[in-house]
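Structure first, then comments.
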Amino acid sequence: MDAESDVALDILITNVVCVFRTRCHLNLRKIALEGANVIYKREVGKVLMKLRKPRITATIWSSGKIICTGATSEEEAKFGARRLARCLQKLGFLVKFTEFKVVNVLAVCTMPFEIRLPEFTKNNRPHASYEPELHPAVCYRIKTLRTTLQIFSTGSITVTGPDVKSVATAVEQIYPCVFQNRKEIL
């Protein structure tokens with residue numbers, strides 16, 4: 001078994017965060033009174049709106065900036081953001097869907113083996129940090145891809161990055177490193 005052999009790793013995207021602007025001022029009180037599935041947080045100055053399909057939660061500010069979380073793909077995030085803009089249009093706002101951007105993708109990948117974390121950290125010292133007293137995972141940062149990987153001894157890896165492509169590339173880059181430090185099965 002070698003690191004270069006073709007191993008199909010399932011990368012499960014668990015959360016996609018996106019941002020867009022409406023190019024108009026939003027009356028949060030009106031959204032809270034007339035909108036559906038809405039929570040008004042007056043002390044913070046925002047409204048939370050939930051959509052059932054796709055299952056996303058949006059944070060709406062009066063400036064017109066909206067952050068959507070909870071989607072499981074970039075396409076679903078864009079579809080949900082457009083649905084949200086349509087809901088605001090139906091409430092009477094002059095919404096223009098602009099400046100859409102995926103800002104964060106969270107994914108989970110499970111390796112088919114367990115990993116020796118102290119050896120992995122020692123071999124990848126400038127990029128990897130491991131503090132077992134504080135957190136049970138190794139924090140591995142890839143600055144060129146702007147991704148962070150949390151590597152657990154069970155072989156589970158949590159990847160956070162700016163888009164799906166960088167998350168997939170990060171998993172491809174980390175596989176040979178974790179393969180070298182896998183636990184041998186007796």
| query | Sub-3.5 Å donor-acceptor pair from the side chain of H25 to the main-chain atoms of G64, do we have one? | reply | no
| query | Under a single-linkage rule joining Ile, Leu, Val, Met, Phe, Trp and Tyr whose side-chain heavy atoms are separated by less than 4.5 Å, which residues share a cluster with I67? | reply | V17, V19, W61, V103
| query | For L94, does the CG atom have more than 12 heavy-atom neighbours from other residues, nucleotides or ligands under 6.0 Å away? | reply | no
| task | Rounded to the nearest 0.5 Å, what's the gap from CG on L88 to SG on C24? Could you check? | result | 7.5 Å
| message | Classify the ring geometry of Y175 against F113: parallel below 30°, tilted from 30° to 60°, perpendicular beyond 60°. | response | tilted
| request: Flag the pair R146 / P162 as yes when at least one side-chain heavy-atom distance between them is below 4.5 Å, and no otherwise. | output: yes
| request: Look only at the side chain of R116 and the backbone of R182, and say whether a donor-acceptor pair between them is shorter than 3.5 Å. | output: yes
| Taking side chain as C-beta onward, heavy atoms only, is V171 less than 4.5 Å from V159? | yes
| query | Hey, are the side chains of Y130 and P132 touching, using non-hydrogen atoms and a 4.5 Å cut-off? | reply | yes
| field | Minimum-distance pair of heavy atoms, taken over all atoms of A128 and Y140 | value | CB-CD1, 3.8 Å
| field | Minimal non-hydrogen separation, E76 against P54, with atom names | value | CG-CB, 3.3 Å
| field | Close side-chain approach of F20 and T98, heavy atoms under 4.5 Å | value | no
| said: If hydrophobic clusters are built from ILVMFWY residues whose side chains come within less than 4.5 Å, do V105 and I11 share one? | reply: yes
| field | Whether Q89 side chain and V95 backbone form a donor-acceptor pair below 3.5 Å | value | yes
| field | K50 atom NZ, neighbour heavy-atom count above 12 within 6.0 Å | value | no
| task | State yes or no: do I31 and I39 share one hydrophobic cluster built from I, L, V, M, F, W and Y residues joined by side-chain heavy-atom distances below 4.5 Å, directly or via other members? | result | no
| query | Does the side chain of L145 reach to within under 4.5 Å of the side chain of Q173, using non-hydrogen atoms? | reply | yes
| remark: Heavy-atom nearest pair, A58 first then I66, reads CB-CG2, 4.0 Å
| query | So with a 6.0 Å cut-off around NZ of K30, is the heavy-atom count from everything else above 12? | reply | yes
| message | Just so I know, are the side chains of I151 and L117 near enough to count as touching, which here means a heavy-atom distance under 4.5 Å? | response | yes
| message | Can you confirm if the NZ or CZ of K46 lies within 45° of the ring axis of Y40 and under 6.0 Å from the centre of its six-membered ring? | response | no
| query | Is a side-chain donor or acceptor of N15 paired with a backbone partner of G70 at a separation under 3.5 angstrom? | reply | yes
| query | Side chains of V138 and F120: closer than 4.5 Å at any heavy-atom pair? | reply | yes
| Taking C-beta and beyond as the side chain, do E74 and D163 meet within less than 4.5 Å on heavy atoms? | yes
| For F79, which of R82, R83, E75 qualifies under side chain to side chain contact (heavy atoms under 4.5 Å, CB included)? | R83
| task | Report the C-alpha distance between I115 and S153 in whole Å, list the side-chain angles of each, state the deciding distance to 0.1 Å, and finish with yes or no for side chain to side chain contact (heavy atoms under 4.5 Å, CB included). | result | CA-CA 5 Å; I115 303 161; S153 63; 5.6 Å; no
| request: Mind listing the closest non-hydrogen atom pair of V108 and S156 along with its distance? | output: CG1-OG, 4.1 Å
| Would V167 end up clustered with L106 when hydrophobic side chains under 4.5 Å apart are linked, directly or stepwise? | no
| query | For the atom pair CD1 (I60) and OG1 (T22), what is the distance rounded to the nearest 0.5 Å? | reply | 9.0 Å
| request: Indicate the atoms forming the closest heavy-atom contact of V38 with A32, along with that distance. | output: CG1-CA, 3.8 Å
| query | Would you call the rings of F152 and H135 parallel, tilted or perpendicular if under 30° counts as parallel and over 60° as perpendicular? | reply | perpendicular
